[in-house]
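So that the names make sense, note that chain A is the first sequence line, chain B the second, and so on, each numbered from 1. In this text the structure is predicted, and so the values were computed from the model without any measurement.
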Amino acid sequence: MDKSEFLSLRRKIIEREFDKLNDMQKKAVFSTEGPLLVLAGAGSGKTTVLVNRIANIISHGNAWYSDDVFRMPSPEEEELLKIAAETGEIDESIRYLLEDYPAKPWQILAITFTNKAANELKDRLLGMIGPEADDIWAMTFHAACVRILRRNAQYIGFSSNFTIYDTDDSKRVIKDCIKQLGLNDKFYQPKQCISEISRAKDYLITPGEYAAQNSSDFIKKNIADIYELYQEKLRASDAMDFDDLICYTVQLLRDNPEILEYYQSKFRYILIDEYQDTNHLQYLLVSMLAAKYRNLCVVGDDDQSIYRFRGATIENILSFEEEYGGAKVIRLEQNYRSTQNILDAANGIISNNLGRKGKKLWTANGEGEKIIRHQAESDRDEGYFVAGRVLRGIREGMNYSDFAVLYRMNSQSNLVEQAFVRNGIPYRIIGGHKFYDRKEIKDAIAYLSVIANPNDTVRLARIINEPKRGIGDSTFDKLIRISEDLSLPVMDVMRSASDYPMLSRGAGKLSAFAAFIDECIEFSEQNPIEELLRKVVNESGYIDSLDLDRERKQDRLENLDQLVNNIKLFEENNEDATLNDFLQEISLMTDIDNYNSDSDSVVMMTVHSAKGLEFNTVFLIGMEENIFPSELSIQEGSAGIEEERRLAYVAVTRAKKHLFLSSCKYRMLFGMTRVNPESRFVAEIEQSLLEKSEENKREEEQRSRQRAYRRGTEIPRGGSKPKSRPDFPFKKPAQVSSETYKVGDTVRHKTFGEGVVLSASAMGNDTMLEVAFINGTTKKLMANFARLEKVK
DNA sequence: ATTTACATCGTTTTT
DNA sequence: CGATGTAAAT
């Protein structure tokens, strides 16, 4: 056997191991060295590629492409190789012949976007390469950064069990800062400050630099002060926000060459999933880590970039080839999920975007059914339409879990939810009210946080008077003031509260509370977390205080029980896990991470949350202008619309077999009834792929029969029955306004101000008005709902 | 300090 | 419309 024979045999054996993959997927799996861009369309087996690529790197390294041979096989080994090529069974003794510098699991860093994706990746890796997969760093950006930071916390002046603040916590701190600086919080809104600070962090701009860059801008100068104070407060609380996790990691690596060198050498192979959703800071982090080996594989789909509002820059993926000269590009365009009709619809929508890498999904699954397009009378009818179709599906033998309802914004779930409740359809809502966002859960977590990190003043503020123990805002403010002025830990001040005249009145209560926390801290060192939680909620009087509102008590107790269960589960899965580990786990967790398709119920969520998931039947509701695309994105212009279009592309490609696109003639939105035309995205789908819903067809038939009847001509009665009115009040009791409007009238609206009526047309027993408001926008409103005031 | 009533506000998407 | 926050009353 000569060398080329051996090499081709080697390739054959390796290829056999991955024979379930298509050619493009194999190419991505075998391309281990150097920068690699994998453009993976929706449903193209992206995770499969990631898993297999990692497996290949560990078991074969670059052996498929490499012409290097460590040693030629002996005659016995040749026989074993031939057997392996025939049967796929590889004798352990010849493994070394099939390798070219394979990596150890701990040399691999695989970054995903969500914890769910990370867990899925880990599970599949465990299944494919066994327990040593545990050494692979397969996690989210945030989790990886936390891991690096905890190990090196002293370099950046934090303790190794620093707290992670969520958006809610950050907001509280920001509010404090605005107040403390004596600024008007109308002018400096917490939300805007946070996003401004977040943008600064994205480009590693320090408060000082930010101030210098904006010295001529009065407002931004103040934001610089807020930014500075905010960072100080977080540091004093030994806490970081989400952005800090990445930001401090980048700074740590930038300022400490030996640490950078350690991680650069450690991670020989880096893989980044969902690369289109990375922001500048994440890009920076990746490029630092990958600088040494340049074995960087990024996987993504420029058409699925939907997190621009959070700082994701689609440019990261668009300019990857430029950034990494000589990068290999592989496109995965074969879709294994949907029917061709669904893919054509998605292709049709996305082709309207400019500046794409460009790709076209195809499938071997066949054409499939047409996409059903339905127009409901109202948002309420839309809910009943969905419910009706689910029930029909169930009658035909489908499961509830085959269905998903997707929408642009959380508030759209309400009416579908009501329709489901009335029809006894089991459902789950992902997002919206997150489990860990519930008050009682946040309170409980706050107690645990303070016990884990007594410097966490934000969480302390939450619970120091919850339940009421007579420690009001002014006392707490004084407490913080003293602790800041004397640079003493808050807990120390509390313990010896009676030493401070300022605290005289509340001193006893404060020291009692401090004693309770101290007792819990001691308890926590010896006992499991769930025991600690039980102690906390019972002995703090929290449970007792729930009696105040009997209505919700049961609910809240159940939630607390659920939390205890979650903790137990966590402790079972993670031996000798500390309280800190648990708190970290939940601080980086979101609702979607808890989603599993086990229980048989219809699932409802936003399109954003649905990314990466798939469902047999998808109802995409609210396909209307001003909803999807959203009003704000329309105002924003093409960049906004293109992002919405990508979102629509994501939504459509979630469906495996059936897709419904529904819209309403009018809907209640933000407290008033609005009229929106059907979404432009529906028009971007080739019309032959769409089919009107039976419900709509029947209505039309009935209407035309009525018209014919009025004209005296008769239409032969067809098979279809007239649509029965739904058994629910379809509109609110008519509060018909005495006012009538005609074109040219001047009206005043509560929020939009004055406007001129452009058109008025009768609709049912109401009038649909088109009004041009002085703020330059034109809105369509229903006269009876809009609460308009006639001016002239 | 706490409760209540009233007003105002902003309304997308979330690691 | 709902959540959130402020002002006034207890």
Side-chain angles (χ1 to χ4, degrees), chain A residues 111-118 139-146 164-168 170-172 175 179 185-186 189-192 194-195 198 202 241-246 273-274 277-279 281-282 305-312 379 406-412 414-415 430-434 436-437 439 464-477 505-506 509 548 587-593 605-611 622 626-636 640 643-644 646-648 650-651 667-674 732 750-751 785 787:
Chain A
I111 298 285
T112 60
F113 198 63
T114 62
N115 297 304
K116 185 181 157 61
M139 54 187 84
T140 63
F141 268 109
H142 297 270
C145 286
V146 169
I164 301 165
Y165 276 1
D166 63 21
T167 322
D168 193 55
S170 303
K171 216 157 142 192
R172 283 164 198 262
K175 274 184 188 164
K179 210 165 121 194
D185 61 350
K186 295 257 154 56
Q189 282 168 341
K191 232 181 169 180
Q192 283 179 321
I194 286 183
S195 77
S198 177
D202 200 5
D241 67 19
F242 286 133
D243 294 322
D244 285 338
L245 295 176
I246 318 250
D273 193 10
E274 308 278 18
D277 284 326
T278 52
N279 63 24
L281 200 53
Q282 289 164 337
S305 170
I306 55 173
Y307 286 103
R308 195 170 64 104
F309 69 96
R310 210 170 65 193
D379 43 358
L406 305 184
Y407 35 79
R408 180 67 241 270
M409 52 193 176
N410 280 310
S411 58
Q412 287 173 265
N414 281 337
L415 290 160
I430 310 292
H433 296 294
K434 298 186 182 81
Y436 287 99
D437 274 351
K439 184 179 180 302
I464 196 163
N465 204 27
E466 185 70 58
K468 304 271 177 285
R469 44 175 77 87
I471 304 173
D473 291 344
S474 62
T475 307
F476 186 72
D477 281 350
R505 240 183 306 160
K509 294 164 187 161
L548 286 173
S587 64
L588 294 176
M589 197 150 72
T590 60
D591 241 29
I592 193 73
D593 299 326
M605 67 181 91
T606 63
V607 180
H608 279 91
S609 310
K611 191 160 127 188
N626 298 319
I627 305 281
F628 199 179
S630 75
E631 203 166 6
L632 263 88
S633 71
I634 293 173
Q635 283 166 27
E636 222 185 317
E643 173 109 341
E644 296 285 306
R646 290 191 290 269
L647 199 50
V650 169
R667 76 163 59 234
M668 185 75 146
L669 191 65
F670 307 141
M672 61 186 155
T673 304
R674 296 261 306 264
K732 277 186 175 175
K750 211 178 91 196
T751 42
F785 291 98
R787 277 176 260 171

### Query
May A:Tyr307 be described as stacking on the base of B:dT13, applying a 5.5 Å centroid limit and a 30° limit on plane angle?
no
### side-chain contact (heavy atoms from CB on, under 4.5 Å) between A:Leu245 and A:Ile164, worked out
CA-CA 8 Å; A:Leu245 295 176; A:Ile164 301 165; 4.2 Å; yes
### Query
To the side chain of A:Lys468, which of B:dT15, B:dT13, B:dT2 is closest?
B:dT2
### Query
Taking side chain as C-beta onward, heavy atoms only, is A:Asn279 less than 4.5 Å from A:Tyr307?
no
### Query
Between B:dT14, B:dT13, C:dC1, which nucleotide gets closest to the side-chain atoms of A:Met668?
C:dC1
### Query
If you find the nucleotide of DNA chain B closest to A:Ile471 and the one closest to A:Phe113, which residue's nucleotide is nearer the 5' end?
A:Ile471
### Task
Return the nearest nucleotide to the side chain of A:Ser630; candidates are B:dT12, C:dT4, B:dT14.
B:dT12
### Message
Which nucleotide wins on minimum distance to the side chain of A:Lys191, given the candidates B:dA1, B:dT11, C:dG5?
### Response
B:dT11
### Task
Whole angstrom is fine here: how far is it from CG in A:Asp241 over to C1' in B:dT14?
14 Å
### Phosphate-side-chain proximity, A:Gln189 and B:dG10, N/O vs OP1/OP2 below 4.0 Å
yes
### Message
Output the rounded distance in Å from CZ (A:Arg308) to P (B:dT12).
### Response
15 Å
#### Entry: Nearest-Å distance for atom pair CE/P, residues A:Met605 and B:dT13
15 Å
### Task
Can you label the angle between the A:His142 ring and the A:Phe242 ring as parallel, tilted or perpendicular, going by 30° and 60°?
perpendicular
#### Entry: Side-chain N or O of A:Thr606 closer than 4.0 Å to phosphate OP1/OP2 of B:dT14
yes
### Query
Would you say A:Gln412 and A:Ile627 make side-chain contact, with heavy atoms under 4.5 Å?
yes
### Task
Can you tell me the distance, in whole Å, between the NE2 atom of A:His142 and the C1' atom of B:dT15?
4 Å
### Message
Taking A:Val607's backbone N and O only, do any of them form a donor-acceptor pair with A:Arg408's side chain (distance below 3.5 Å, no angle check)?
### Response
no
### Aromatic A:Phe113 / basic A:Lys611 pairing, under 6.0 angstrom, 45° off normal
yes
### Length of the CG-C1' vector between A:Asp202 and B:dT14, whole Å
15 Å
### Rounded distance in Å - CG (A:Asp277) to P (B:dT13)
16 Å
### Summary
Taking C:dG5, B:dT15, B:dT13 as options, the one with an atom nearest any side-chain atom of A:Phe242 is B:dT15
#### Entry: Whichever of A:Leu632 and A:Phe141 has its nearest DNA chain B nucleotide further upstream toward 5'
A:Leu632
### Task
Could you give the distance separating C:dG5 and B:dT12 at their C1' atoms, to the nearest angstrom?
23 Å
### Query
Has A:Ser411 got a side-chain N or O lying under 4.0 Å from the OP1 or OP2 atom of B:dT11?
no
### Task
Would you indicate which nucleotide in B:dT14, C:dG5, B:dT2 comes nearest to any side-chain atom of A:Ser609?
B:dT14
### Task
Give a yes/no on whether any side-chain N or O of A:Lys611 is located under 4.0 angstrom from OP1 or OP2 of B:dT14.
no
### Task
Check every strand shown and say whether A:Ser474 touches a base, only sugar-phosphate, or nothing at a heavy-atom separation below 4.0 Å.
sugar-phosphate
### Message
Distance check needed: B:dT15 C1' versus A:Ile306 CD1, whole Å only.
### Response
12 Å
### Query
Do other residues, nucleotides or ligands put more than 12 heavy atoms under 6.0 Å from A:Lys179 NZ?
no
### Query
Which one, B:dT15, B:dT2, B:dT13, comes nearest to the side chain of A:Asn465?
B:dT2
## Note on the structure
A:Phe309 CZ to B:dT12 P, in whole Å, measures 11 Å
### Task
Check whether the side chain of A:Arg408 and the base of B:dT13 form a donor-acceptor pair under 3.5 Å.
yes
### Task
Using a 4.0 Å heavy-atom cut-off across all strands, classify A:Lys175 as base, sugar-phosphate, or nothing.
sugar-phosphate
#### Entry: From B:dT13, B:dT15, B:dA1, nucleotide with atom closest to A:Thr475 side chain
B:dA1
